[in-house]
Amino acid sequence: MLRLWNAIACVLLSAAVPALSASSQSFENSAIVRTVDLGGSLVHVTTTFAVKALEADASVYTITLPEDEIFNTSWLEVKVKGKQQPLTVTYSGAPAGSNSHNLDVSLETPLEVGGTINLVLETVQTHATWPWPQQAGQNDDQSLKYQTSLFVLSPYKTNVQRTKLKSSSPRILSYTTPEKVDDFTLESPVTKSGATVTYGPYNNVPSSTNKAFIEKYQQHIVLHYVYEYPVIEVLDLKRTAEISHWGANLNIQDDIVLHNAGPKLKGHFSRLEHQTQSFYNRGGSHLIPRLTVHLPAGIRNAYYYDLNGNVSTSHLRVAPSVRNQKNTQHSVMELQPRYPIMGGWNYSYTLGWDAPLGDSASYDAKTGKYIVSVPVMTEIPGSVVDRAEIQIILPEGATDVDYVAPFPSLSNELSTHVTYLDTLGRPSITFKYKNLTNKHTKPIYVSYRVPLSVHLRKPMAVATVLLSLFTFAMVARRVDLTIHKTKTVSKKM
Amino acid sequence: MKLFAFLSFLALPLAFAASSDGKEKLTSLAASGNGVIKLNDEIFDLLTAPSRDWSASIQFTALDKRRRCAPCKEFEPSWNAVAKAWTTVPAAQRDHHFFATLDFDDAPGVFQKLNLASAPVVWVYGAARGPYQTGKTQPLKYDFSNGFEAGPLALHLSNHTPVPIPYKAPIDWARWMTVISGLLGFALTIRFIAPVLQSRWTWAIITICTSLTMTGGYMFTRIRGAPYTGADGSWIAGGYQNQFGQEVQVVALIYGTLAFSVVMLTMIVPYQSSPARQRLQIYLWSGVLMLVFSVLVTLFRVKNRGYPFRLLL
Amino acid sequence: MPTAYPLPTNVSPATVANTASLLRIVAFGLISAAAIASRLFAVINFESIIHEFDPWFNYRATRVLAAKGFYEFWNWFDPTAWYPLGRVVGGTIYPGLMATSGVIYNFLHYFNLPVDIRNICVLLAPGFSALTAWATYMFTAELKDPSAGLLAAAFIGIVPGYISRSVAGSYDNEAIAIFLLMFTFYCWIKALKLGSAFFGTLAAVFYFYMVAAWGGYAFITNMIPVHALVLLLMGRFSGRLYVAYSSWFRFVGFQPVRTSEHMGALGVFGLLQIVAFASLVRSHVSSKQFQNLLAISVVTMGVLGAGAFVVMTYKGWIAPWTGRFYSLWDTGYAKKYIPIIASVSEHQPTAWPSFFMDLQMLIFLFPAGVVMCFRDLRDEHVFVIIYAVVASYFAGVMVRLMLTLTPVVCVSAAVAFSTLLDTYIDPTEPEATTTEAPTAAPTTTTTTATATPDSKKIKKAVAAAQAGNSASSIASSTFNDIVSATTRKGKSSKSKGIWGADARLAVLLNAIGMLAFFVFHCTWVTSNAYSSPSVVLASTNSDGSQHIIDDYREAYYWLRQNTPQDAVVMSWWDYGYQIAGMADRPTLVDNNTWNNTHIATVGKAMSSPEEIAYPILRKHDVDYVLIIFGGLLGYSGDDINKFLWMVRIAQGVWPDEIQEPNYFTPTGEYRVDDRASDAMKNSLMYKMSYYRFAELYGNQNAVDRVRNQAIPKVGPTLDYLDEAFTSENWIVRIYQVRKEDPLGRDLKSANAFEQGKKKKRSKPVSKRRVIVN
């Protein structure tokens with residue numbers, strides 16, 4: 001149920017508005033088009049509802065998602081087509097009998113009778129595909145299966161709806177042919193053209209959230225397709241961001257446990273075959289030879305090591321630091337694991353870097369507070385992060401700490417972190433997340449106040465240490481001299 | 001297993017019947033050859049007969065001058081010693097194991113048959129049947145990695161003989177005599193050499209010489225048994241972790257000279273009474289120091305190719 | 001008094017003293033800096049990483065200590081080592097090293113300095129090298145004067161002989177042991193000089209530290225008694241000696257002394273008591289008689305003691321010398337009876353180039369320094385002399401004992417060198433006198449005494465003199481000088497000194513040149529020979545940039561990440577500690593080679609054919625077999641080159657089954673190509689090394705770059721193991737041991753069956769692996 005909760009949580013990102021009652025007569029869908037971009041660990045689903053209002057000032061449109069999909073969904077957004085601002089979405093319980101869930105979208109402006117609007121529902125599903133066959137030899141292809149339901153459910157009548165499943169390669173091994181859909185269509189219920197499989201168009205679909213319809217028509221469709229990229233899964237991500245005003249430095253360190261979720265390697269790894277493959281570069285599609293990640297611009301001394309020390313095989317191209325926040329440049333880091341990660345193998349590593357604090361922090365003069373933005377995660381292309389823990393360590397003695405998260409976390413806590421020459425430790429905030437995707441690479445904003453006295457604390461501490469060392473040295477010198485004296489004495493005797 | 005033992009027990013008398021006469025022959029031969037049976041083709045076949053209820057250790061060797069087999073000659077005495085030791089065993093066990101020697105010139109055929117390319121070789125044939133029978137039919141090779149001494153040989157062969165070989169290393173009278181006489185001589189002459197012994201410089205010489213030989217790599221040549229010079233007469237061995245006997249002397253001499261010139265400069269020259277002489281000696285010894293040191297470095301460059309530095313030379 | 005060059009006159013002695021001490025401190029600071037810096041090559045060239053093999057265990061143990069505290073550490077039983085036996089770590093190691101870094105770790109963390117324990121371990125050795133320099137300074141200062149001390153400190157700071165075992169990352173017992181050694185010796189001679197029980201006790205304390213830190217403590221255990229004994233024989237018994245020795249021994253006596261290493265100390269202690277008693281008698285008898293009495297009693301006591309010692313050892317009341325120590329005396333012993341010891345590279349005897357490599361010019365300054373020790377023969381000089389002889393013998397026998405030789409070489413070389421400098425910097429010029437030398441020679445006995453031993457020198461002198469352009473006048477004068485100089489000891493009636501500045505300049509420039517050369521040499525040796533962490537190999541790309549060959553860590557990390565936690569890994573013992581440390585998996589054998597049979601078992605498995613090895617592997621539930629193979633890269637330290645030792649060690653236990661000669665060709669060559677002997681070709685090691693190696697080369701013929709031999713086209717096949725992982729450059733190859741065939745066939749036939757099927761199949765490799773999974 002956590003998953004569900006998580007999905008819902010993602011939905012309820014803004015203050016819940018009073019849910020207006022939505023009756024099934026207020027709208028009709030002139031068209032529903034669902035496009036599924038089949039990927040490895042991520043599947044992007046875009047559903048476009050062409051909505052026509054049947055009642056006056058109908059302002060709440062209800063979207064229904066089947067339960068299994070809601071379990072998979074880790075990110076969800078509804079927009080009016082062509083608009084940037086996402087609409088407010090609220091959870092409004094499950095319709096009786098159908099194991100599905102309703103989400104109420106409240107439109108900005110109520111529609112007049114006959115008024116139309118195009119709503120775009122965008123979701124990202126994680127762990128929605130599974131490798132089949134579950135084992136693959138070193139130079140076999142990897143193929144995945146994806147399952148979804150045939151009809152897009154809607155409490156409203158739908159004139160025409162179709163579902164497009166897009167694979168990255170035209171090699172689609174098999175797909176389900178739906179039955180009992182003659183009521184909706186006359187020509188073939190499913191067509192395959194190139195890399196796309198299209199279900200529908202199905203005409204005149206009645207309100208489908210009721211038990212009757214679901215039991216009669218709703219069915220699962222499964223697509224078996226060849227996927228040519230590795231299925232990367234980050235089992236654990238622990239990000240530590242440490243802010244230092246003295247060094248004007250933001251240090252970010254990621255401890256990552258990587259897993260190749262593709263088909264397990266059948267038999268054993270043969271270096272010989274691997275080398276031949278990479279020589280003729282026709283590598284097995286499911287191994288991860290290297291990772292390319294985009295780090296912020298202007299970073300300094302990046303490091304990449306694992307439990308056995310530094311990993312020497314990596315390249316970093318640093319882009320110059322640019323102050324304004326919307327620079328699109330990146331430093332590109334090419335990480336090569338110690339060994340190619342075959343299907344089912346694990347690899348854990350630590351990646352860290354220093355970034356100029358100015359690029360991500362600003363000082364608000366009138367509140368006297370610093371505001372620092374720390375990105376939740378750095379995207380590893382096409383990967384899902386199962387568990388993430390982000391710890392932000394503020395300067396020593398920072399007070400009235402406040403933060404704004406882009407989306408709610410499972411949990412977050414305040415703690416104290418003690419490190420080099422700290423006298424009273426540093427406040428730190430920890431956020432926990434699940435199933436993060438490329439949609440979640442948004443910054444967390446933390447604001448805090450640092451009094452001057454605290455700024456001076458560290459130099460004082462260091463000064464005392466140095467002073468004590470100096471006195472020790474003086475004493476040592478005295479001792480040294482006495483020894484000389486005794487020696488001279490001993491020489492005489 | 002029990003049954004098996006039982007069978008062998010049954011087989012025992014037969015075995016005796018079969019090979020008793022052969023056995024007597026061997027016993028007598030062994031007795032006459034003072035523990036060692038001198039083999040030729042047919043005695044060899046008899047000794048290694050598949051129906052044997054005895055075990056046998058055979059030394060394949062080539063003692064003839066023309067064969068020029070130095071190790072054979074080196075190994076011969078210890079072999080005989082061990083064999084002799086075996087004769088002292090009570091007959092009951094003794095006659096279940098024979099020591100034999102097969103010289104190449106007596107039975108080259110055997111060598112070809114066993115395609116033996118080198119000598120000396122020691123093979124142990126286990127008993128094929130009888131109380132001491134071993135499962136193995138293949139003879140076991142004795143490994144000379146422990147050298148040609150009799151001690152380890154006896155120790156190893158004892159694994160295959162009915163009872164351990166009662167071999168004892170003979171007491172080296174000569175050594176004892178020399179030691180004792182040396183001590184006596186020392187005791188007698190102590191009065192005269194006492195002053196020498198009490199002089200610190202005697203000990204200085206001893207100390208210096210010891211440390212010079214040691215740092216010259218003497219122990220290396222001792223332990224590795226490195227030759228005095230190379231086969232091709234070269235006195236300096238190639239390779240960083242290798243050296244010949246002569247190198248010890250050369251290097252020790254070089255070190256000695258260098259040390260000596262330093263000693264001269266520090267302990268002798270300052271006491272020089274006339275300025276001219278002193279100046280001359282100072283330049284002389286400094287020159288020696290520089291020159292010999294550069295020789296040393298050159299020598300080292302020969303041993304260690306990668307060495308980048310050089311002095312005058 | 002005429003001077004060679006003008007001196008400032010208006011300087012108060014106090015100022016001079018202060019300046020001197022200040023300069024001393026500054027110089028010493030610089031020396032420490034140099035000592036530490038010159039050990040950081042490895043960190044700069046590579047990274048902060050633990051080196052070699054043993055350090056990996058020490059590091060692992062230290063982590064346990066830091067994480068769980070000392071008590072936990074002390075009774076730490078490590079089940080993953082020596083599987084299935086396990087290993088009691090707490091009792092069987094020298095905890096001194098771990099304890100030291102544990103203390104440092106806790107100290108730093110107390111002050112909120114969360115330094116990584118790894119960095120502490122890596123940098124411990126350089127840190128202690130500075131302390132060693134200090135101890136050497138004190139020691140040499142006792143011997144001659146602070147200036148010599150500074151020289152000695154500088155020498156030992158950068159001399160490769162010591163750096164070789166104390167670069168950053170070589171986290172081994174020697175790292176701290178040498179400091180303890182030198183400081184114990186310093187305390188000892190200090191105690192001897194002052195006759196102070198305090199320093200004697202201090203010596204004992206540091207001796208304890210040493211005992212806890214390094215197996216080489218037996219060196220101290222015997223050095224000090226020998227020194228005391230020699231002093232006795234020289235008739236130099238004194239209250240100071242008595243106090244110093246007793247106060248040292250009283251503490252040493254606590255520990256179990258029933259081992260041969262400690263017998264000497266005990267004997268000398270007894271002897272001292274007797275002599276002390278005798279010195280009481282002294283007052284009653286006349287000195288002459290007393291001398292005889294003393295000599296006789298000493299000799300008899302010595303004889304009796306030795307006899308008793310022999311008898312007791314024979315009866316087994318005293319534990320005899322351990323193999324390692326014994327192999328120092330009987331050099332043939334190790335190779336014959338304990339091949340494991342002989343197989344270790346650092347137990348090989350030392351050829352002279354290593355001496356020069358490690359000590360350079362010190363190696364010939366060292367005898368000169370010893371000579372000077374003979375000149376003014378104080379008690380501490382006797383100590384140095386004994387140390388010199390013993391250590392140079394040991395260093396000759398074992399490469400690793402170069403470490404014990406290095407300090408004394410530095411000390412005496414420093415004495416020689418600073419004497420040289422003193423002589424030629426000292427501005428005072430003697431007034432020319434023309435006294436004939438022989439008149440200075442006092443008594444006839446001494447002349448004979450000195451003339452005889454010097455004959456050798458004289459010959460050399462003559463030769464040398466004639467090499468110089470001057471005639472026999474110099475030769476004779478040299479002779480006179482030698483005689484006079486050697487006989488003149490003590491009394492400085494005759495003025496000594498150097499005339500003129502040019503001579504001074506010549507010698508000094510020469511000396512400075514030598515020092516500079518020494519520095520260059522040390523830097524070169526350190527950076528090239530002693531600064532590579534054998535875990536990581538460096539090579540250079542075609543464009544000259546450094547390329548890191550990281551196969552070890554690649555393979556170890558693969559093991560760590562992709563095999564079950566309890567998978568047992570079998571490898572040759574060299575890699576045991578690294579596997580435990582980096583792969584975190586149980587191992588059969590590792591670098592503390594306490595169980596010969598277990599190692600021999602591994603040796604046997606490696607050197608026997610598959611079908612014999614397989615039961616052994618299964619019996620020890622081995623899951624993975626790891627070998628090192630350098631053939632592709634030309635990495636010569638691989639297992640095929642160590643293979644003969646495996647064979648020998650196995651042969652020691654199973655002489656009938658494994659025999660070294662079988663692994664050579666009939667002509668006695670060690671080959672791996674098609675002329676290799678059958679035993680070689682069928683051995684597990686050979687098969688694992690060259691499995692599918694030839695295929696890598698396609699249709700041109702495969703060459704083993706280490707042995708420089710062509711590998712047969714048709715490579716070996718494996719029926720009982722599967723290739724599980726091979727590192728990038730094929731240096732590490734890991735094989736998985738198959739489980740028994742589910743259909744109960746023996747794997748060979750099962751495999752043959754699959755091979756048969758494979759002919760018809762299109763996916764060969766994957767299919768025949770199916771049996772296993």
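So you know, we letter chains A, B, ... as the sequences are listed, proteins then strands, and number each from 1. Model, not experiment: these values are computed from the prediction.
- Within 6.0 Å of CH2 on B:W203 lie no more than 12 heavy atoms contributed by other residues, nucleotides or ligands.
- Note on ring orientation: taking the six-membered ring where Trp is involved, the planes of C:F520 and B:F309 are tilted (angle from 30° to 60°).
- With hydrogens and angles ignored, the 3.5 Å screen pairs no side-chain donor or acceptor of B:R279 with any backbone N or O of C:A503.
- Put simply, the residue from B:L289, B:I282, B:L265 that forms a side chain to side chain contact (heavy atoms under 4.5 Å, CB included) with C:N510 is B:L289.
- Annotation: side chain of B:T210 is not in contact with side chain of C:S392 (no heavy-atom distance under 4.5 Å).
- C:I363 places a side-chain heavy atom less than 4.5 Å from the side chain of B:Y255.
- Only the side chain of B:L311 comes within less than 4.5 Å of a heavy atom of chain C; its backbone N, CA, C and O stay farther away.
- For C:Y424 (side chain) and B:T266 (main-chain N/O), no donor-acceptor pair under 3.5 Å exists by modelled atom type.
- Highest contact tally toward chain C, considering only B:T215, B:I208, B:V262, is held by B:T215 [criterion: heavy-atom pairs under 4.5 Å].
- A donor-acceptor pair shorter than 3.5 Å can be found between the side chains of B:Y283 and C:D502.
- Side-chain contact, B:E247 with C:W352: a donor N or O sits under 3.5 Å from an acceptor N or O.
- Nearest heavy atom pair, residue C:M357 against residue B:F300, reads SD-CZ, 3.7 Å.
- Top candidate by heavy-atom pairs under 4.5 Å with chain C, chosen from B:V248, B:L296, B:N304, is B:L296.
- Rounding to the nearest 0.5 angstrom, the gap separating the CE atom in C:M372 from the CE atom in B:M267 is 6.0 Å.
- Taking every heavy atom of both residues into account, C:F355 and B:M214 meet most closely at CE1-O, 3.7 Å.
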**Report entry** Trace of the ring pair (Phe, Tyr, Trp, His ring centres under 6.0 Å) decision for B:F293 with C:F517
**Finding:** CA-CA 11 Å; B:F293 192 14; C:F517 183 24; 5.7 Å; yes
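- Here CG of C:D376 is found 8.0 Å from CZ of B:R200. Values are rounded to the nearest 0.5 Å.
- Between the CD atom of C:Q348 and the CZ atom of B:R224 there is a distance of 5.0 Å, given to the nearest 0.5 Å.
- In this structure, OG on C:S354 lies 8.0 Å from CZ on B:F220, to the nearest 0.5 angstrom.
- Taking both residues in full, the closest heavy atoms of B:Q243 and C:A351 are given as OE1-CA, 3.1 Å, listed atom of the first, atom of the second, then distance.
- Remark: side-chain polar atoms of B:Q278 are paired, donor with acceptor, to backbone N or O of C:G497 under 3.5 angstrom.
- Within the 4.5 angstrom heavy-atom criterion, atoms from both the backbone and the side chain of C:P367 approach chain B.
- Comparing B:S211, B:G216, B:P308, B:A237 by how many heavy-atom pairs each has under 4.5 Å with chain C, the most go to B:P308.
- Below 30°, between 30° and 60°, or above 60°: for C:F356 and B:Y307 the angle between ring planes is above 60°, a perpendicular geometry.
- The minimum heavy-atom distance linking B:I223 with C:P349 is given by the pair CD1-CB, 3.8 Å.
- Proximity to chain B involves both the backbone and the side chain of C:L420, based on heavy atoms less than 4.5 angstrom apart.
- Heavy-atom neighbours of B:F60 CZ from other residues, nucleotides or ligands within 6.0 Å: above the threshold of 12.
- Between C:F374 and B:W201, the two ring planes are tilted [angle within 30° to 60°].
- In this structure, B:S286 and C:V507 approach most closely via the heavy-atom pair OG-CG2, 3.8 Å.
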